[in-house]
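A, B, ... follow the sequence lines: proteins, then strands. Residue 1 opens every chain. These numbers were taken from a predicted model, which means no experiment stands behind them.
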Amino acid sequence: MLEQAAPGESQKKKIAESSQAPLPPLQGAEIGNVVTRFPPEPSGYPHIGHAKAAIIDEEYAHMYNGKFILRFDDTNPLNEKLEYYEAISEGLEWLGIRPDIVKNSSDDIQLLHEYGKKLILSGGAYVCTCNQKTIHDLRARGLPCECRNDLNVALDRLKKMFDGSFEHNAAVIRFKGDMSNQNTAMRDPTLFRIIDGEHPKIGNKIRLWPTYDFAAPVEDSIDGVTHAMRTKEYELRNALYFAILDRLGLRKPLLIEFSRLEFNGVPISKRKIKPLIEKGIVKSWSDPRLPTLMGIKRKGFLPDAIRKFVLSLGLTLAETKPPVETLEAFNRKIIDSYCMRLFFVKDPVELQIQNVSSKEIILKNHPNNDLGTRKVPVSDSFYISAEDAAKLNINDEIRLMDLYNIKIIKFEPNQTRKALIAAAIPENIRQGIPKIQWVAKSDAIPYKVMITRELYLGEKYNPNSLEICEGYAESFVSMLNIDTRIQFVRFGFCRIDDSNNAIFTHR
RNA sequence: GCUCCGGUGGUGUAGUCCGGUUAAGCAUUUCGCCCUCUCAAGGCGACGAUCCCGGGUUCAAAUCCCGGCCGGAGCACCA
């Protein structure tokens with residue numbers, strides 16, 4: 001007894017040490033025997049909410065040396081599309097999540113049918129031909145309908161369910177639950193319905209499709225899932241989940257719920273995003289303002305930051321909207337060490353230096369780490385940002401970073417700051433002097449940085465959710481590959497979107 | 001309306017099951033200092049929570065019990 005307990009304890013310690021993941025231990029989990037699953041419906045593009053679920057599922061499987069299954073819950077041919085299967089797979093791959101098994105619920109459609117039949121045959125379910133409204137009303141009132149009572153009727157209709165005699169939506173298979181149960185999920189929920197539609201994987205041969213309520217528990221059970229995690233809006237269906245497995249005599253996984261992940265001002269539902277895309281307000285599903293994986297990626301976030309962030313949220317039932325700043329902090333710490341520091345000036349203002357000649361200087365790409373250097377040709381003409389120029393007065397001394405100090409002599413035209421004339425000061429860098437970034441006129445390329453903010457302010461679309469900053473960047477920037485992450489000094493971290501555009505990630 | 005689930009500093013969480021040994025740990029945010037040719041990162045520090053409220057049990061409650069308030073979810077032939 002003691003000897004058996006000991007290795008378990010040491011294994012637990014190992015887990016605690018090896019994993020930075022602060023996830024709590026899983027109830028009843030044994031090393032090597034944990035199976036988790038991520039069951040998205042391929043009916044849309046994956047978003048941060050999917051990421052949370054998938055990361056937790058995978059993390060636990062990994063933590064216990066178990067298996068992680070990606071199962072497309074494609075039981076409604078009206079919703080599923082091939083491109084979504086792929087988008088989800090790609091999204092997970094980007095997140096660095098590699099499933100041990102990939103499957104579709106629709107792969108098991110025959111088996112699901114068998115279990116459905118079995119349930120009716122054993123009196124655990126029946127075929128209901130009432131119309132939707134009647135079903136709804138009776139459920140609301142907690143009353144049974146005629147269909148539920150006669151097994152012979154059910155058997156007769158069962159045949160018709162399969163031989164195609166019923167029209168689309170003409171009949172459903174219902175669980176024989178408890179019509180007066182407090183938990184409305186138990187009031188004879190629909191388990192199968194007839195849908196005429198082309199399924200992307202199955203075609204139109206199959207018309208009888210299980211609902212989530214039926215497919216999820218059966219699939220989890222036969223897939224060997226030990227710990228089934230889902231978001232907390234399913235909590236009331238737990239009883240149903242277990243009741244179905246009970247009646248079918250199938251093994252029961254452990255169910256664990258956690259809260260959904262959402263951000264303030266960032267709509268996550270298709271319902272809210274689609275109209276924005278249709279109206280052209282948001283260009284595509286990869287718009288950096290969206291919480292889609294494509295959008296988040298485009299904005300410049302790293303999968304690793306997302307993982308750390310998700311794990312920092314923990315498994316809680318409390319509904320909260322964590323601030324995006326936390327995600328940004330994780331991201332910033334990761335990318336800081338390898339982002340080149342480059343110059344970009346927003347709203348450029350010309351700067352003429354009087355007493356200097358042209359030369360080529362060498363700039364370091366990172367202050368602390370060796371990321372190489374670059375050569376920049378400079379003459380006596382520069383651009384600095386209007387924001388910096390606005391703060392300057394005659395006789396002020398500032399430093400052009402990595403170059404030299406200057407003293408402002410006059411504004412051109414007089415008293416406006418449209419252009420500045422300054423003199424270089426033969427003095428070395430000193431502490432306390434303001435330092436600003438610059439772009440040499442001879443090396444400047446027109447450049448734009450897209451800044452995104454939350455799409456919604458309260459319930460209203462935020463018209464300022466997208467700002468384009470125009471200015472000049474040093475020409476070096478144009479040689480960077482798309483997807484490169486950089487820091488524009490004193491501006492913020494950005495991701496190169498194309499040769500003369502970047503997207504602001506965060507400061 | 002009915003049922004279920006939540007409620008810890010500005011924010012996200014740990015601790016709550018097995019009540020005391022931390023009257024509350026971590027992260028983030030904000031501010032200050034150090035470092036620094038960035039408004040980044042790093043280092044140090046500070047501010048900040050009567051643990052939703054009111055009762056009760058107990059020598060002792062964030063932790064147990066009761067009531068209330070607030071928030072969310074479910075009540076689909078969607079998942």
With Asp213(A) as partner, the option from Arg237(A), Arg193(A), Arg187(A), Arg174(A) fulfilling salt bridge (charged side-chain N to carboxylate O under 4.0 Å, His left out) is Arg237(A)
Exactly one of Arg139(A), Lys133(A), Arg141(A) clears side-chain hydrogen bond (donor to acceptor under 3.5 Å, both in side chains) with Asp137(A), and that residue is Lys133(A)
Can you tell me which nucleotide in [options] comes closest to the side chain of [X]?
| X | options | result |
| --- | --- | --- |
| Asp336(A) | G74(B), A40(B), C37(B) | A40(B) |
| Leu317(A) | C5(B), U30(B), A73(B) | C5(B) |
| Arg139(A) | C37(B), U30(B), A76(B) | A76(B) |
| Lys232(A) | U38(B), C75(B), C5(B) | C5(B) |

So, [X] versus [Y], ring centres under 6.0 angstrom or not?
| X | Y | value |
| --- | --- | --- |
| Phe301(A) | Phe309(A) | no |
| Phe504(A) | Phe491(A) | yes |
| Tyr60(A) | His227(A) | no |

Taking for Phe488(A) and for Glu80(A) the nucleotide of RNA chain B with the nearest heavy atom, the one nearer the 5' end belongs to Phe488(A)
Assert: residue with more 5' nearest nucleotide on RNA chain B, out of Thr326(A) and Leu236(A), is Leu236(A)
Whole-Å [atom1] distance, [N] and [M]:
| N | M | atom1 | answer |
| --- | --- | --- | --- |
| A61(B) | A23(B) | P | 13 Å |
| G67(B) | C77(B) | C1' | 42 Å |
| G7(B) | G15(B) | C1' | 16 Å |
| C53(B) | A46(B) | P | 27 Å |
| U8(B) | U50(B) | P | 12 Å |
| C4(B) | G42(B) | P | 47 Å |
| U30(B) | A76(B) | C1' | 46 Å |
| G43(B) | C35(B) | C1' | 8 Å |

Check your understanding: Salt-bridged, Asp396(A) to Lys391(A), with N to O below 4.0 Å?
Key -> no
Does a salt bridge link Glu59(A) with Arg307(A), judged by any charged N lying under 4.0 Å from a carboxylate O? yes
Within the 4.0 Å heavy-atom criterion, would you say [X] contacts the bases, only the backbone, or no part of the nucleic acid?
| X | value |
| --- | --- |
| Gln487(A) | base |
| Pro367(A) | base |
| Asn79(A) | sugar-phosphate |
| Ser337(A) | nothing |
| Asp73(A) | sugar-phosphate |
| Phe491(A) | nothing |
| Asn181(A) | nothing |
| Ala329(A) | sugar-phosphate |
| Arg187(A) | nothing |

Contact list (N/O, under 3.5 angstrom) for nucleotides 13-18 of chain B vs protein:
{"unit_1": "U13(B)", "atom_1": "OP1", "unit_2": "Thr320(A)", "atom_2": "OG1", "d": "2.5"}
{"unit_1": "U13(B)", "atom_1": "OP2", "unit_2": "Thr320(A)", "atom_2": "OG1", "d": "3.4"}

Rounded to whole Å, how long is the line connecting atom [atom1] of [X] with atom [atom2] of [N]?
| X | N | atom1 | atom2 | result |
| --- | --- | --- | --- | --- |
| Arg37(A) | A79(B) | CZ | C1' | 12 Å |
| Lys321(A) | G71(B) | NZ | C1' | 12 Å |
| Glu233(A) | A76(B) | CD | P | 15 Å |
| Gln431(A) | C33(B) | CD | C1' | 13 Å |
| Glu328(A) | U11(B) | CD | P | 18 Å |
| Lys435(A) | C35(B) | NZ | P | 12 Å |
| Gln132(A) | C75(B) | CD | P | 13 Å |
| Phe309(A) | U11(B) | CZ | P | 15 Å |

Taking C-beta and beyond as the side chain, do [X] and [Y] meet within less than 4.5 Å on heavy atoms?
| X | Y | answer |
| --- | --- | --- |
| Glu474(A) | Val477(A) | yes |
| Phe166(A) | Leu208(A) | no |
| Phe38(A) | Ile97(A) | no |

Taking any strand in view, what nucleotide pairs with [N] in a Watson-Crick or G-U wobble way, both distances under 3.5 Å?
| N | result |
| --- | --- |
| C75(B) | G1(B) |
| U16(B) | none |
| G6(B) | C70(B) |
| U22(B) | none |
| G42(B) | C34(B) |
| C64(B) | G56(B) |

What's touching nucleotides 44-46 of chain B from the protein side, N or O pairs under 3.5 Å?
none

It should be established whether [X] places a side-chain nitrogen or oxygen under 4.0 Å from OP1 or OP2 of nucleotide [N].
| X | N | result |
| --- | --- | --- |
| Arg193(A) | A79(B) | yes |
| Arg332(A) | A41(B) | yes |
| His136(A) | A76(B) | yes |

Aromatic ring pairing Phe192(A)/His113(A), orientation class (parallel under 30°, perpendicular over 60°, tilted between):
tilted
Angle class for the Trp285(A)/Tyr45(A) ring planes (parallel below 30°, perpendicular above 60°, tilted otherwise)? tilted
Does any donor-acceptor pair link the side chain of [X] with the base of [N] at a separation under 3.5 Å?
| X | N | value |
| --- | --- | --- |
| Arg507(A) | A40(B) | no |
| Tyr234(A) | A73(B) | no |
| Asn183(A) | C4(B) | no |

When rounded to the nearest 0.5 Å, the distance separating CD of Glu219(A) from CG of Asp107(A) is 8.0 Å
- Task: Check the side chains of Ser385(A) and Glu387(A) for a donor-acceptor pair under 3.5 angstrom, ignoring hydrogens and angles.
- Result: no
